[in-house]
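Heads up, the thing below is written out as structure tokens.
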Amino acid sequence: MSNNDWKARLGVVYSTNPDFKYDTQEDEVVETLPPSKQKLRIALDKRNRGGKQVTVVSDFIGSEEQLKELGKKLKTKCGVGGSVKDGVIVIQGDLRQKVADILTAEGYKARVI
């Protein structure tokens, strides 16, 4: 990275310290565990959703890209919508058992809460 990268310095206004170094935070690479070592939790959530129920899959350890890929696979196989954000997969509807069956077929250890 060059020293002239102004985007890395957006949070700093001014510094009088001659030895000041801009702290550019590098994204940590999260190592994805194999499916057999993943222990996913599947729960039903209906809070703050206007009375609608959603199935929430949490405790995935790995990169954001692989989480999105798993979320897309679950949404496709269940035939419903949903989203992936903040390390959690949200599937529309009460599909806990179907999601658990799909995840165990993929090799994940999933338990319904």
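In this structure, the side chains of Leu33 and Phe60 stay at 4.5 Å or more apart for every pair of heavy atoms. In this structure the side chain of Tyr108 never reaches within 4.5 angstrom of the side chain of Lys39, judged on heavy atoms.
Distance check, rounded to the nearest 0.5 Å: CD1 of Ile91 to CG of Asp45 gives 13.0 Å. Summarising the geometry, atom CD belonging to Glu64 is positioned 5.5 Å from atom CG belonging to Leu67; distances are rounded to the nearest 0.5 Å. Note that CG of Leu70 and CD of Gln38 are 8.5 Å apart. Values are rounded to the nearest 0.5 Å. The NZ atom of Lys68 lies 11.0 Å from the OG atom of Ser83; values are rounded to the nearest 0.5 Å. The line from CG of Leu103 to CD1 of Ile42 is 5.0 Å long, rounded to the nearest 0.5 Å. The CD atom of Glu31 lies 11.0 Å from the OG atom of Ser63; values are rounded to the nearest 0.5 Å.
Surrounding CZ of Arg111 are at most 12 heavy atoms belonging to other residues, nucleotides or ligands under 6.0 Å away. The local environment of CG in Asn48 is sparse, with at most 12 non-hydrogen atoms from other residues, nucleotides or ligands closer than 6.0 Å.
Scanning all heavy atoms of the two residues, the minimum distance from Asp59 to Arg41 falls at OD2-CD, 2.8 Å. What you find for Ile102 and Cys78 is that their closest heavy atoms are CD1-SG, 3.8 Å. Taking each heavy atom of Val112 and Gln97 in turn, the nearest pair found is CG2-OE1, 4.4 Å.
Of the charged side-chain nitrogens involved, at least one lies within less than 4.0 Å of a carboxylate oxygen, so that Glu106 and Lys77 count as a salt-bridged pair.
Membership of the apolar cluster around Val54 extends to Val56, Val88, Val90, as traced through chained side-chain contacts below 4.5 Å between ILVMFWY residues.
Among the candidates Gln92, Lys98, Arg96, the single residue satisfying the side chain to side chain contact (heavy atoms under 4.5 Å, CB included) test with Asp94 is Arg96.
Not one N or O on the side chain of Gln53 forms a donor-acceptor pair closer than 3.5 Å with the backbone of Leu44.
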